[in-house]
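Heads up: the structure comes next, in structure tokens.
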Amino acid sequence: MEMGSHEITATTRKELEIKSVTASMADSKEDLENRKVKTKQNDESREASGIRSSPCFDEKDLRLKTEETNDGKEVNTEDNNYVAEQSAEESEPMTDTSPISQCVSTDISKMMPELALVLIGDTNSIEVGPENLLLDHDTQINVGQFSSRLYDLCGRKISVINLLGLKETEKFPVNQGIHAFLLLVPNGRHNSRYTLGLQWLETSFGKSSLSYLLTVVTHRSDENSESALTELKANSSFNEKRCHTCTRSMKDGSEIIDLLEKIDVMVSENDPQVLLVDYNSELVDDENKDQKEDLKHNPYKEEQTDPLAPQQNQTANDVEESAAETGVRAKAANEPGVENSEKKNSKSLGEKSKIKTSAPADSSKKGTFVMDMSGKIYEQPVKISQEINRKNQYQRETETLFSRLHLQDKVQQNLSLADFLKMSPPVKQDHETSEKDLAHTFLQRLMMLDYRAIYIPVKQEKSKPVSESNTVDTDDDDFDALFSTSKDTDDIKHIHIHPMDVQMAVYHCSDSFLKQNMITKLSQCQYALPLLVPDPVTMDIECPLWIFRQIIKTWKITQSKDDSNIVTMKNMPICKAQTPMVSFFRLGSLSVSKSQLMNTLINERHSTFFHRNCPGSTKSRHLMDGVAEIAWYCPAGKPNDAFTDCTAFCNLHGDALLVEKQRDILTEKSSVNVVLVPTLEKSDKNTTVITSLYKSQKPLIILVGDNDCDAVPIKQGKYKMGLKDKSQSDVSEELKRIIVGILSGPHQSFQLETMADVSGIRVDEDDTVCQKGKSAAAKIVKLFQGMDISKIKDQFLPCQGELWHNWCKINRELYHLKGNNEEEKCKKEENLIRIPRDQCAASCSELMKLFIENLSSLTTTEKQYFLKWTQILIDALSTDDLSSILQSYDEKWSEVLALKKKHDKSDLLQIKQSELEEMSKKLQSATFGLEHIFREMGQIYEAQKVTNMVQTDWSKFPELAAELMISGHPMELMDGDAGYVPLTWISSLLDEVVRKLGDQRVFVLSVLGVQSSGKSTMLNAMFGLQFAVSAVRCTKGAFMQLVRLSEEMKEDFQFHYVLVVDTEGLRALELAGNTTLHRDNEMATFVVGLGNMTLINIFGENPADVQDVLQIVVQAFMRMKQVQLSPSCVFVHQNVSDVASAEKNMDGKRRLQEKLDQMTQLAAKEEVCDAECFSDVIAFDVQKDVKYFAQLWEGSPPMAPPNPGYSESVQELKKIILSKASQSAGINLSHFKTKIQDLWNALMNENFVFSFKNTLEIAVYRKLEVQYGNWTWALRSNLLTIENQLYTRIESGGIDKVEISYINKEMRKTYEEIKENMTTYFEDDRDKVQWRGRFEQKSRSFMMNR
């Protein structure tokens, strides 16, 4: 119940409900009068027997005092009776004239509670709602701790106080006489909840309170709890006479009647029948009978004073306005010198003002005195007053913190991912930042994977210059100043904001998608992540499960088998991973840093958990107390791994004594508990917590600050170790040994997803909008649950499979038909028409119907959740299957290697190799993601449009995709599986973007490089994008994503957007051969031709692979004269560790320039072009456009954080890009669409150059073709000579018949000479050897077909 004024309206009366389980109340006046008499008799009977009525309810106008409270906030209106009555009279009269309403309005003041019942235990043991007879509320939202209601139950007045789930027992809300504690325990968890409830009750209300306990086992309607009672009887403390079972809904009247009868029996057996509790949660001792009697007969002594009349010798106590929200009704002041006042406050009821007042000097009470609007003075208990002041102080500090960071406007209107998914000026490294820019700088640097984002230096306010004084300081004055502890106020240094306060402030001010991105980046930087977070305003505990959904961890497990170690790789979403969890707590204050000790267990070279010795740390940490952070140790499968399996480490910040809820959750979820205490004594305040942990079944390690003992096993699973006079490394090694030993045996596993089942906390994924997106995504994923993932695309996405691939193949062939074969041409054209029809017939899969329906109907935020959840659920599904395939592949490969070592030439080796090849193909076909669903959208649209069968449902596809592209979602530009650009779909998509944004100018930035060279990682770090990154071939084809320029940059550029094009890696090993050579050259030409600038990404210092591709690109550009192109490029060498690489590679740069120029000249000669150097075709300055990047990781993965030098290199490259882009006008989106069409059609017409590795090969091949022409001409010439000779002889009648053997004999000499010339030719020039077999075969064919 809450002290002070409270807004009361006529609707308060409507909230009062009266339940009757036996029968409806009579509507006659006679029945009503009979009830009044019965009520009076009951009251007299109770008074005679000494049973105390609940002081929560006063006889005086009870209808205005039955209130509900939420979240532990108590409401009281007794202090405003007059004002409430006045307001009620002025308000509109109630129209309900039912007997129940009459009873409430006319006779409720006569009712007194016969029983005061307190509900304790698990909140999950009861279903709260209007049908619940024991705890009825309009909605579940209105149910909270300390909520109190008065019921007319079975003709009796029952006061029910709800303390379900209550943890902080120090703040029992009211002076209360209690008849019974009802311990509610849910069936199935009855043993643990019964034990915990018993401990809680004894701790909170003393051992004598156990006499007033009645256990209620609740169960669902389809369950039976008899077995639960049988199990509970095994507890020595359990009293089977004082137990009851009922359904969780509590709507069965007979069950409630039985419960009340058992309560009556228990009350009659108890002596005294009422347990008295004062406002400080302390039991009233039997010895203090005066106080007991005082509470029994006069629970609220009230005196009034004139607030305007000053009292003598009073002490001033400021009363905070927010006390009404967190306080309870205090005991009335009863002190001399306090006068009554007849004044009635005429202020409006909506005001919640408090009047500062004072207490008499001779008051023996210690507390804060507050006065409400009616003039009544109440003393607030010291503990409650201190708690209120603490909370108010915390709120003020929170507001100050957000204000200093300029985030005060973002608490309600959160920062979004769109605020940072834009092109901003490069972040200055090691540059001091002002406090107002601190939050944005932190996020920007975090987005580019700079783990130093947490250590940003802050500009210090300049102190005032010290004015010179004319006084002469003596040596003694200087000496005194040396030992002085006082400070000049002008010299006091401004305390900067704690780094973790910056992180948590940004976290609290971000929407769920920015939070998820932020936490994913923190995980990549190898930092701990928030698991339990107190809300800075409401102090409710939240588990942000959603933010972990994008995090995927990879580790290797080493297992011994047959005297050998088998290393198994695991790759899975961290939410799904089942790992042991080691939780660390601190009880009290220690000189040892708990977080720093944990870092030595996980990663000695990196501060996973921020600790007191980190740069920028201060004592003024504000938002981290009560936060539980979690991090995972991922082994690399090496002998020096600290732990052999993935292990979670959880760190509860602050004093665990003060954050009981978080402590209880972690101790329940953990596999091992590690507790740090300053001392270990029975009389210490930590004893209760230590005892509870010691008695539990969980392994426990106690680290004692003032003890120097070695690690001692007290009993099985319980250890004690001293910290005194020990180095941190020694403690770490010993602690590591103990934990490894414990985890090597049976232990409890932890899974993040199980946090959603923890009661008493809020889970962010429970939000309605998130659940709606998840539900829609789950319906889609459910369609292919249990299927082989390699078959999903064939069944649910048929348009992009064999049909589409055949269409692409036939269309390519049409561009390169030889001769005038009209029949073949017509056949291919017919197939090009037939295939789209087949696609239309197969395009009605349930998956696509659901997907399009959700994209069309969901709101913007719901759609974002839907797409995220779809990708998350698909990834989780494919991860399981891929892991299984990889495991089988590894085992089969091991078998093949073993057979090869034995030099086994049997059929078994061939069989195993064939099986291995099949697994390899299955592995390649098992990739499935959201991009394949969007690809199917495009294929359906193309098929419908080509066949002129566009329906309304399909015509909106480009619009749906355009909305996503504008919001920052990447769209596929080139199909990675077919190696083809769907021009119809891409053109319609860009048309929709133009329609929505206007024909904006964009700067096209593309990237090209060999496989796994870090292209996508570089783009993600540079622009904060989320292209997929992996060690496998993650990006297939080409994807485009729009990035808008920030407002501050638009003035300096001629375009407003950057279109980023990411491509798959070149020279993929799994696609080795002539096919991938043609594909890579074609894609490289397309990507470089599209971009205003192309980043040529090279892994290491050798550009050989890429320079070969560039030669083909240059020659292709020369051949495609009809396409107007003006590309430029920048070379980026990644993973170069030498800081002097740029200077040392000057000679390498020169050779690169010479090589590119030489090949350009050769290509120009072949294509009859006037280009003389590489830069004539592709803009390139070897002095400025070659950059060297540091290696990505600072150490060995998977525990290595990103190298800060990498993010610095990214920023330098960004400066170069912006500098060049400022000189470019970009390209209109409509022009870009036309450029795609022209460039792709030109590529389709050009087939010759793409089959070669480089320009030199083209030149050599052409020389070989000339030589082959000479050889065939020699054969033809010899054959013509033989033919002329035979013709003469035939005419002269010399021969009648010519045998083929004669011709062969005559030509053999010439043929042998040509074969010898061919051998010499190929042996003299190794560059031609690759074509030797082909030309020798052509020569033999010529001889056979002559």
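Remember, it's a predicted structure, so these values are computed and weren't measured experimentally. Nothing fancy with the numbering, it's 1 onward along the sequence. What you see below is based on every heavy atom in this structure, not just the backbone, and it leaves out hydrogens, waters and symmetry mates.
- Remark: side-chain polar atoms of Asn414 are paired, donor with acceptor, to backbone N or O of Lys410 under 3.5 angstrom.
- At least one donor-acceptor pair closer than 3.5 Å links the side chain of Thr1160 to the backbone N or O of Leu1156.
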Between Asp1185 and Lys1220, does a side chain to side chain contact (heavy atoms under 4.5 Å, CB included) hold up when you go through it step by step? CA-CA 10 Å; Asp1185 297 339; Lys1220 290 180 175 290; 3.0 Å; yes

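- Of the inter-residue distances, the one linking Leu990 atom CG with Met1040 atom CE reads 4.5 Å to the nearest 0.5 angstrom.
- Between Tyr527 and Tyr455, the ring planes lie perpendicular to each other; the angle is over 60°, past the 30° to 60° tilted range.
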One pair to check against salt bridge (charged side-chain N to carboxylate O under 4.0 Å, His left out): Glu1154 and Arg1151. What are the steps and the verdict? CA-CA 5 Å; Glu1154 290 176 353; Arg1151 292 182 184 276; 5.6 Å; no

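- For the pair Leu1192 and Asn1135, the minimum side-chain heavy-atom distance is 4.5 Å or more.
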May I have the step-by-step check of side chain to side chain contact (heavy atoms under 4.5 Å, CB included) for Glu1082 and Trp1240, ending in yes or no? CA-CA 9 Å; Glu1082 188 176 76; Trp1240 186 249; 3.8 Å; yes

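- Using modelled atom types, one side-chain atom of Asp1176 and one backbone atom of Cys1173 make a donor-acceptor pair closer than 3.5 Å.
- Counting only heavy atoms from C-beta outward, the side chains of Phe609 and Ile602 approach each other to under 4.5 Å.
- Here the side chain of Asp419 pairs no donor or acceptor atom with the backbone of Leu415 at under 3.5 angstrom.
- The environment of CZ in Arg612 is crowded: more than 12 heavy-atom neighbours from other residues, nucleotides or ligands sit within 6.0 Å.
- Residues satisfying the salt bridge (charged side-chain N to carboxylate O under 4.0 Å, His left out) test with Lys868, not counting sequence neighbours, are none.
- Side-chain atoms of Asn599 come within 3.5 Å of backbone atoms of Thr608 as a donor-acceptor pair (strictly under, hydrogens ignored).
- Here the side chain of Thr1094 pairs no donor or acceptor atom with the backbone of Val1007 at under 3.5 angstrom.
- Judged by distance alone, with hydrogens and angles left aside, the side-chain atoms of Asp999 form no donor-acceptor pair with the main-chain N or O of Val994 at under 3.5 Å.
- Each of Val1061, Leu421, Leu1059 was scored for a side-chain contact (heavy atoms from CB on, under 4.5 Å) with Gln1041, with one residue passing: Leu421.
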So Ile547 and Leu529, side chain to side chain contact (heavy atoms under 4.5 Å, CB included) or not? Walk me through it. CA-CA 9 Å; Ile547 66 176; Leu529 313 175; 5.7 Å; no

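- Contact annotation: the side chain of Leu964 approaches that of Phe934 to within less than 4.5 Å [non-hydrogen atoms, C-beta and beyond].
- Inter-residue side-chain proximity for Lys1187 and Glu1212 is flagged as unmet; no heavy-atom pair is nearer than 4.5 Å.
- Using a 4.5 Å heavy-atom cutoff, the side chains of Met1093 and Ile1216 are not in contact.
- To the nearest 0.5 Å, atom NZ of residue Lys638 and atom OG of residue Ser1196 are 4.5 Å apart.
- Inspection of the Asn603 and Gln526 side chains reveals no N or O donor paired with an N or O acceptor under 3.5 Å.
- Panel note: side chain His406, backbone Leu438; no donor-acceptor pair is recorded below 3.5 Å.
- Met1159 is not listed as a side-chain neighbour of Val1114, based on a closest heavy-atom distance of 4.5 Å or more.
- Taking each heavy atom of Tyr1206 and Ala1021 in turn, the nearest pair found is CE2-CB, 4.3 Å.
- Remark: Asn517 CG to Ser416 OG distance equals 11.5 Å, nearest 0.5 Å.
- Between the Gln871 side chain and the Leu930 main chain, a donor and an acceptor come within less than 3.5 Å of each other.
- Residues Met1049 and Leu1218 form a side-chain contact, since some pair of their non-hydrogen atoms from C-beta on lies under 4.5 Å apart.
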Checking Leu973 against Ile1236 for the side chain to side chain contact (heavy atoms under 4.5 Å, CB included) test, could you report, in this order, the C-alpha distance in whole Å, the side-chain angles of both residues, the deciding distance, and whether it holds? CA-CA 10 Å; Leu973 178 60; Ile1236 292 174; 3.9 Å; yes

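- Here the CD1-CD distance, from Ile552 to Gln524, works out to 10.5 Å after rounding to the nearest 0.5 Å.
- Here the shortest heavy-atom pairing between Arg621 and Met624 reads CD-CB, 3.3 Å.
- Scanning all heavy atoms of the two residues, the minimum distance from Ser1209 to Ala1190 falls at OG-N, 3.8 Å.
- Side chain of His496 to main chain of Gly616: a donor-acceptor pair is present (N/O by atom type, distance under 3.5 Å, no hydrogens or angles).
- Aromatic ring orientation, His1133 versus Phe1131: parallel (interplanar angle below 30°, classes split at 30° and 60°).
- Each salt bridge (Lys or Arg N to Asp or Glu O under 4.0 Å) pair with one or both residues in residues 501-526, not counting sequence neighbours, would appear here, but there are none.
- Classification of Glu1047 and Lys1050 as a salt-bridged pair holds, one side-chain N sitting under 4.0 Å from a carboxylate O.
- Atoms CZ and OG1, from Phe1189 and Thr1017 in turn, are 11.5 Å apart once rounded to the nearest 0.5 Å.
- Rounded to the nearest 0.5 Å, atoms SG (Cys509) and CZ (Phe402) are 4.5 Å apart.
- Scanning all heavy atoms of the two residues, the minimum distance from Tyr1057 to Phe1055 falls at O-CD1, 3.4 Å.
- When all heavy atoms of Thr1085 and Leu1239 are compared, the closest pair comes out as O-CD2, 4.3 Å.
- Within the 4.5 Å cutoff, no side-chain heavy atoms of Asp1052 are placed close to those of Ser1222.
- Below 30°, between 30° and 60°, or above 60°: for Phe548 and Trp632 the angle between ring planes is above 60°, a perpendicular geometry.
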Please lay out, stage by stage, how Arg452 and Glu1208 fare under the test salt bridge (charged side-chain N to carboxylate O under 4.0 Å, His left out). CA-CA 11 Å; Arg452 299 172 306 179; Glu1208 292 177 2; 2.9 Å; yes

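- Inspection of the Gln1161 and Asp1157 side chains reveals no N or O donor paired with an N or O acceptor under 3.5 Å.
- Closest approach of Cys634 to Thr554, counting heavy atoms only: CB-O, 3.8 Å.
- A donor and an acceptor atom, one from each side chain of Asp1062 and Ser1016, are located under 3.5 Å apart.
- Within a 6.0 Å sphere centred on NZ of Lys1184, other residues, nucleotides and ligands contribute 12 heavy atoms or fewer.
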